[in-house]
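The structure under discussion appears below in the form of structure tokens.
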Amino acid sequence: MKQQTIILTGGGTAGHVSLNQAILPSLLELGYDVHYIGSEQGIEKELIGEAFPDVPFYGIASGKLRRYFSMKNFTDPFKVLAGMMQAFRIIKKVKPQVVFSKGGFVSVPVVMAAKLAGVPVVIHESDVTPGLANKIALPFASHVFTIFEETLKHLPQEKATCTGSIIRPELFEGERARGLAFCGFSTLKPVLLVMGGSLGSVVLNEALRKNLPELLKQFHIIHLCGKGNFDQSLEAMPGYKQFEYVTTELPDLLHAADFIVSRAGSNSIFEFLALHKPMLLVPLSAQKSRGDQILNANLFKKQGYAEVLQEDELTKESFMKSVHTLTERKVEMVETMAKTQKPKTPDEMASLILRYKK
Ligand SMILES: CC(=O)N[C@H]1[C@@H](OP(=O)(O)OP(=O)(O)OC[C@H]2O[C@@H](n3ccc(=O)[nH]c3=O)[C@H](O)[C@@H]2O)O[C@H](CO)[C@@H](O)[C@@H]1O
């Protein structure tokens, strides 16, 4: 029988890799030969390489597509073109029956090359409104899957389906006791986990660190601060544990957390929802992004899953006040989250994607 092959792409931030990480074991289990195309510098190389060392990873040239002026706007289109030629050669060699794209700029040349090679493309959008890379990819795609129902309003009806979130199964397998032991914490205080998305957030880090003495009276704190944001001077602070980025430890740390303060990247917030973690969201401001996190956060607030503090209202004082409100709303939030439907499994998602193979 002909070998069944699929190419996965997506990267730049962990949010553009996590669904690929989730479905990869299902595809391998089904006997698929899985290949990954990402960018050489992106986080995807490390994440996929670490968790799936047998999956061939191809790093291609990737140019950022910007909505604002930059000198790089003159050179990056050439990188996209170079990436497209590289992706085309890989596709011709590997001969996949389908390409699945989780978005991010590196996915654009891959999607275009797949179309050129006559290979069906399926894409996935995890934010409320489609990102630029997915908007460009859309005309080349046979189908697009979304997490939010609201996203369907922004997509052609005939080729879009909402599946809800897909959560990496290992996140359900964490253990609170292991998480506490890993941080050297007792069970005496509730645990507050602060996470600035996969890249870390300088403003969240600052707001947290300014309030540390006050917060440590009440909580043990786990801080996922992002690469390059580790503060050596706080290393010995009792009850405060910083990590730049965690992989295998994340499930235990999430299970150890009683409360979460976070950016509002869609993958993270759906993971917290699936684990019924009361959350305070500080979405990335509209000045620094297309405002997707604000929409994600506001929808979560409306559904009763989250407290929201907008970045332009973030101060030392408002941070403390919002954390206080979060603790007061814990029971009500957990009850609301417990009523939500269980997410689809990675096996189900993989089989939905495979419907579009040639
Ligand atoms: C700055 C930026 O462009 N942010 C975008 C990016 O965020 P970002 O990459 O932060 O995306 P998400 O919050 O969606 O996902 C982060 C993923 O990283 C994982 N994780 C995080 C920290 C850690 O230490 N270990 C770890 O494994 C989380 O469990 C999660 O699966 O993609 C999201 C999904 O399209 C968007 O909503 C965000 O607006």
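Only a predicted model underlies this, so the values are computations on that prediction, with no experimental measurement involved. Just follow the structure's listing: the first ligand is 1, and inside any ligand the first atom is 1. The basis for the numbers below is simple: all heavy atoms, side chains too, and nothing from hydrogens, waters or symmetry mates.
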Does ligand 1 have an atom under 4.0 Å from some heavy atom of [X]?
| X | answer |
| --- | --- |
| L47 | no |
| S126 | yes |
| E125 | no |
| Q21 | no |

Inset, instruction - Please work out whether any backbone atom (N, CA, C, O) or any side-chain heavy atom from C-beta onward of D127 is under 4.0 Å from ligand 1, and answer side chain, backbone, both or neither. - result: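 For D127, only side-chain atoms sit under 4.0 Å from ligand 1.
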
Inset, instruction - Mind checking whether R263 contacts ligand 1 via backbone (N, CA, C, O), side chain (CB onward), both or neither, at a 4.0 Å heavy-atom cut-off? - result: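 No part of R263 is near ligand 1 at this cut-off.
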
Legend entry - I221 and K241, any side-chain heavy atoms less than 4.5 Å apart: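 In short, these two side chains do not touch, never coming nearer than 4.5 Å.
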
Which residue and atom name correspond to the protein heavy atom nearest [atom], and how close is it?
| atom | result |
| --- | --- |
| atom 11 (O) of ligand 1 | G15 CA, 3.3 Å |
| atom 25 (N) of ligand 1 | V246 O, 2.7 Å |
| atom 22 (C) of ligand 1 | Y245 CE1, 3.5 Å |
| atom 6 (C) of ligand 1 | T13 OG1, 3.4 Å |
| atom 29 (O) of ligand 1 | E271 OE1, 2.6 Å |
| atom 13 (O) of ligand 1 | S268 OG, 2.5 Å |
| atom 1 (C) of ligand 1 | L284 CD2, 3.8 Å |

Inset, instruction - Please assess T163 against T146 for the test side-chain contact (heavy atoms from CB on, under 4.5 Å), listing each intermediate value before the final yes or no. - result: CA-CA 6 Å; T163 59; T146 71; over 6 Å; no

Legend entry - F259 six-ring centre to K330 NZ/CZ under 6.0 Å and within 45° of normal: yes

Does [X], at its [atom1] atom, have more than 12 non-hydrogen atoms belonging to other residues, nucleotides or ligands within less than 6.0 Å?
| X | atom1 | value |
| --- | --- | --- |
| Q341 | CD | no |
| K189 | NZ | yes |
| K159 | NZ | yes |

Enumerate the atoms of ligand 1 whose separation from the nearest heavy atom of [X] is less than 4.0 angstrom.
| X | answer |
| --- | --- |
| A14 | 9 (O), 17 (C), 18 (O) |
| G197 | 10 (O) |
| N296 | 37 (O) |
| R168 | 19 (C), 27 (O), 28 (C), 29 (O), 30 (C), 31 (O) |
| M195 | 21 (C), 22 (C), 28 (C) |
| D292 | 36 (C), 37 (O), 38 (C), 39 (O) |
| S18 | 31 (O) |
| L250 | 26 (C), 27 (O), 29 (O) |

Quick check: [X] and ligand 1, any N/O pair under 3.5 Å apart?
| X | answer |
| --- | --- |
| L224 | no |
| E244 | no |
| T247 | no |

Legend entry - Of the listed options K227, Q293, R290, E249, closest to atom 4 (N) of ligand 1 (non-hydrogen atoms):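 Answer by nearest heavy atom: Q293.
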
Inset, instruction - Pick whichever of P251, S198, G265 has a heavy atom sitting closest to atom 10 (O) of ligand 1. - result: S198

Considering all heavy atoms of both residues, which atom of [X] and which atom of [Y] are nearest to each other, and what is their separation?
| X | Y | result |
| --- | --- | --- |
| G174 | D252 | CA-OD1, 3.3 Å |
| V282 | Q293 | O-OE1, 4.5 Å |
| S26 | D347 | OG-OD1, 2.7 Å |

Legend entry - Polar side-chain atom of R263 near backbone of P283 as donor-acceptor pair, under 3.5 Å: yes

When you check the gap from the basic side-chain N to the acidic O, do [X] and [Y] get nearer than 4.0 Å?
| X | Y | result |
| --- | --- | --- |
| E46 | K227 | yes |
| D33 | K95 | no |
| R168 | E271 | yes |

Inset, instruction - Answer yes if the ring centres of F219 and Y240 are under 6.0 angstrom apart, and no otherwise. - result: no

Legend entry - Output field: ring centroids Y356/H143 closer than 6.0 Å: yes

